[in-house]
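Order of listing sets the numbers, starting from 1, for every ligand and every atom in it. As the structure is a computational prediction, the values presented were derived from the model and not from experiment.
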Amino acid sequence: MTERTFSIIKPDATRRNLTGKINAVIEDAGLRIVAQRRIRMSKAQAEKFYEVHKERPFYGELVDFMTSAPVVVQVLEGPNAVAKYREVMGATNPAQAADGTIRKLYAESVGENSVHGSDSLENAGIEIAQFFKDDEIVG
Ligand code: GDP
């Protein structure tokens with residue numbers, strides 16, 4: 001089934017000029033970038049986006065990190081895009097990520113791990129709506 005998922009190229013990656021290299025991995029995997037914008041995430045946006053992790057010990061650190069430099073927010077489209085992108089991203093901790101995945105190739109640590117991808121179709125819809133209007137997504 002054709003799906004859409006939400007992606008963020010995180011500050012550790014934009015800082016190292018890795019946007020193009022990460023987009024190449026995404027496109028080589030058969031996912032189409034149907035919307036993309038470079039933004040500086042506000043503290044309020046980051047806090048809301050990661051609200052599910054509010055009680056975790058790394059929440060403050062995560063919000064600080066996500067607002068520390070620009071990010072690139074994206075909508076990716078393709079067959080089984082949600083699961084496909086999770087596969088392309090690799091495990092949260094780059095030390096456990098499979099060869100060829102974005103996190104294996106580029107992530108610096110479990111926190112500064114280069115990319116975000118939605119973990120379910122339902123969350124993908126919620127996350128996309130947080131950052132994009134329908135007419136900004138051109139499939
Ligand atoms: P994901 O779905 O693979 O991104 O992983 P999670 O939903 O478990 O965590 C969300 C994000 O929180 C991760 O991508 C990391 O950026 C951050 N994170 C997760 N675990 C840790 C941790 O132990 N320390 C720090 N500093 N950040 C973490």
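- Using cut-offs of 30° and 60° on the angle between ring planes, the pair F58 and H53 is tilted.
- Using modelled atom types, one finds a donor on one side chain and an acceptor on the other under 3.5 Å when comparing R15 with S68.
- Residue K10 approaches ligand 1 through these ligand atoms, each under 4.0 Å from one of its heavy atoms: 13 (C), 14 (O), 15 (C), 16 (O).
- With hydrogens left out, the protein atom closest to atom 19 (C) of ligand 1 is F58 CZ, 3.5 Å, a heavy atom.
- Scanning A97, G111, G60 for the heavy atom closest to atom 16 (O) of ligand 1 points to G111.
- Between E77 and R4 a salt bridge is recorded (basic side-chain N to carboxylate O distance below 4.0 Å).
- Of the candidates V110, D64, T92, the one placing a heavy atom closest to atom 15 (C) of ligand 1 is V110.
- Within ligand 1, the atoms closer than 4.0 Å to a non-hydrogen atom of E61 are 26 (N), numbered from 1 in the order shown.
- Taking every non-hydrogen atom of L62 and a distance limit under 4.0 Å, the qualifying atoms of ligand 1 come out as 12 (O), 16 (O), 17 (C).
- Between K54 and E47 there is no salt bridge, since no side-chain nitrogen of the basic residue lies less than 4.0 Å from a carboxylate oxygen of the acidic one.
- Of the protein's non-hydrogen atoms, R86 NH1, 2.9 Å is the one closest to atom 2 (O) of ligand 1.
- Numbered from 1 in the order shown, with element, the atoms of ligand 1 that lie under 4.0 Å from a heavy atom of N113 read 13 (C), 14 (O), 15 (C), 16 (O).
- Considering each of M89, M66, H53, R103, the one bringing a non-hydrogen atom nearest atom 7 (O) of ligand 1 is H53.
- Using a 4.0 Å cut-off between charged side-chain N and carboxylate O, E3 and K84 make no salt bridge.
- With hydrogens and angles left out, the side-chain atoms of N123 and S118 include no donor and acceptor closer than 3.5 Å.
- Within 6.0 Å of the CZ atom in R86, the count of heavy atoms belonging to other residues, nucleotides or ligands exceeds 12.
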